[in-house]
Peer 1: 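Okay, here's the structure, questions in a sec.
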There are 2 protein chains.
Amino acid sequence: MTRWLTEDELQAWVRLVAVVELLPGSLEQQLRRDSGLSHFEYYVMAMLSEAPERRLRMTALAARSNATLSRLSHVVSRLEDRGLVERAPCPADGRATNAVLTEAGWRAVEAAAPGHVEQVRRTVLDALEPQQVDQLRAIAGAILDRLDPDGVMTAPYSRPQGQRA
Amino acid sequence: MTRWLTEDELQAWVRLVAVVELLPGSLEQQLRRDSGLSHFEYYVMAMLSEAPERRLRMTALAARSNATLSRLSHVVSRLEDRGLVERAPCPADGRATNAVLTEAGWRAVEAAAPGHVEQVRRTVLDALEPQQVDQLRAIAGAILDRLDPDGVMTAPYSRPQGQRA
DNA sequence: GCGCAATGGTTGAAGCGTCAAGTGTTCCGG
DNA sequence: CCGGAACACTTGACGCTTCAACCATTGCGC
């Protein structure tokens, strides 16, 4: 009783899978080469850089970056060793930990951002017509309603503000 | 001199990143739960199941699955341990190895396919209007021209044939 | 207040991917 | 043909993610 895919659906699907498979590697490669950061490390630090006080609780940071607390904890430990992030106990809740971007961390993000945005333009946005960008916004939005109904991952961007990618 | 992203571009980009980040996990989870296979294992075996004789040379298989030869070699070793795939030296070229799907491997793919297709429908295709599926096909195609100019990853599907995802 | 589940986070071992180095073929110039 | 370069992998060590177990703190029922 499986509803198999039509030819059109199959092609759309195969291409989407290929994009999903290839895009992370492309971003990863550029960032690692030019900034010595993994995409995940960059993303975590970018989230911190946009947060008030450049600090966020581990749980919030994990949600925004779609990571388990464990993964985040390990990564923050490594970033801490490199002096890019610091941990600070949360005064309001003794169980919680805040991750704080250091000055060096801020500079690292600032330095990495332009190259990253360039890469995004090169591989995605500049490949599309303006109307396709709109279509992509709608399509990705529709898919996200299924994948992430609460919009946890896009939360920081859901209310229009001037922010970098 | 960085061309920063416009509001529209930023939103499209943020959502695409979220999809790219979330979709693999969603597929992974369903497959692992229902079939005990990782998405990559499933994908490799699906490629084999569609190949003539259900066999492919390691290099070709690696290209189709966007993996390094090393990664593929490790994965094939594990699948071999589980009796789902076998290695056979290639008679035509002494350097080459063929990966062959076993009967058990074929049954595993057959068993996993319906659930996987269901998941694809649930999370992506059924979330979109028919015209959006067409748009997605064009958009993903345009991005792939940048990411994978030679169309290595979509090669098996470039010529229309009746095949499952 | 007291006990106990829930919350927030860390840790260590195991598994998978990557990278560098290695083995054995095949191709090819001379 | 003979030697070296290119090719098709394989292997082992290292790094990152996951998973399960763990500890400390907080909230809550009573």
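So you know, we letter chains A, B, ... as the sequences are listed, proteins then strands, and number each from 1.
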Peer 1: Of all the nucleotides listed (C:dT25, D:dC9, C:dT7), which has the minimum atom distance to the side chain of B:R95?
Peer 2: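 When the side chain of B:R95 is considered, C:dT25 is the closest of C:dT25, D:dC9, C:dT7.
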Peer 1: Measure from the side-chain heavy atoms of B:L69 and tell me the nearest of C:dT10, D:dT10, D:dT18.
Peer 2: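 For the B:L69 side chain, the nearest candidate turns out to be D:dT10.
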Peer 1: Rounding to a whole Å, what distance do you find between A:M58:CE and C:dT11:C1'?
Peer 2: 12 Å
Peer 1: Quickly work out the A:N98 CG to D:dT25 C1' distance and round it to whole Å.
Peer 2: 15 Å
Peer 1: Side chains of B:L48 and B:V100, heavy atoms from C-beta outward: is any pair under 4.5 Å?
Peer 2: no
Peer 1: Between A:P91 and A:V75, who's closer to the 5' end of DNA chain D by nearest nucleotide?
Peer 2: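 Its nearest nucleotide being more 5', the pick is A:V75.
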Peer 1: Within this structure, what is the CD-to-P distance between B:E21 and D:dT17, rounded to whole angstrom?
Peer 2: 11 Å
Peer 1: Want to settle it: does A:A96 or A:S77 sit nearer the 5' end of DNA chain C, counting the closest nucleotide to each?
Peer 2: A:A96
Peer 1: Within the modelled atom types, does a donor on one side and an acceptor on the other bring the side chain of B:H74 and the base of C:dG15 under 3.5 Å apart?
Peer 2: no
Peer 1: Under the side chain to side chain donor-acceptor pair (under 3.5 Å) rule, what do B:R33 and B:Q30 come out as? Steps first, then yes or no, please.
Peer 2: CA-CA 5 Å; B:R33 174 166 44 82; B:Q30 181 274 324; over 6 Å; no
Peer 1: Is the base of D:dT17 touched by the side chain of A:T68 through a donor-acceptor pair closer than 3.5 angstrom?
Peer 2: no
Peer 1: Starting at CG of B:L72 and ending at C1' of C:dT18, how long is that distance when rounded to a whole Å?
Peer 2: 14 Å
Peer 1: Between P on D:dC16 and CZ on A:R32, what's the gap in Å once rounded to a whole number?
Peer 2: 7 Å
Peer 1: Less than 4.0 Å between a side-chain N and a carboxylate O, is that true for A:R78 and A:D81?
Peer 2: no
Peer 1: When you compare the side chain of A:L5 with that of B:R121, does any pair of heavy atoms fall below 4.5 Å?
Peer 2: yes
Peer 1: Atom CG of A:D81 to atom C1' of D:dG15: distance rounded to whole Å?
Peer 2: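 Taking atom C1' of D:dG15 as the reference, CG of A:D81 is at 14 Å.
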Peer 1: Picking from C:dG12, C:dC16, C:dG8, which would you name as closest to the side chain of A:D93?
Peer 2: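 In terms of side-chain proximity for A:D93, the closest of C:dG12, C:dC16, C:dG8 is C:dG8.
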Peer 1: Quick one: on DNA chain D, does B:R57 or B:S70 contact a more 5' nucleotide (nearest heavy atom)?
Peer 2: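 It is B:R57, whose closest nucleotide lies nearer the 5' terminus.
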Peer 1: Could you tell me the separation between the CD atom of B:E41 and the C1' atom of C:dC16, rounded to a whole number of Å?
Peer 2: 10 Å
Peer 1: Check this one for me: any side-chain N or O of B:R78 less than 4.0 Å away from OP1 or OP2 of C:dG17?
Peer 2: yes
Peer 1: Considering just the side-chain nitrogens and oxygens of B:T59, establish if one lies under 4.0 Å of OP1 or OP2 belonging to D:dC9.
Peer 2: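 Answer yes for this pair, as a side-chain N or O of B:T59 is under 4.0 Å from OP1 or OP2.
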Peer 1: Please state how far atom CZ in A:R71 lies from atom P in D:dC16, giving the value in whole angstrom units.
Peer 2: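 My rounded result for the distance is 11 Å.
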Peer 1: Any heavy-atom pair between the side chains of B:V117 and A:R3 that's under 4.5 Å?
Peer 2: no
Peer 1: Any side-chain N or O of B:T97 less than 4.0 Å from the OP1 or OP2 oxygen of D:dT10?
Peer 2: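 Looking at the OP1 and OP2 atoms of D:dT10, one of them is under 4.0 Å from a side-chain N or O of B:T97.
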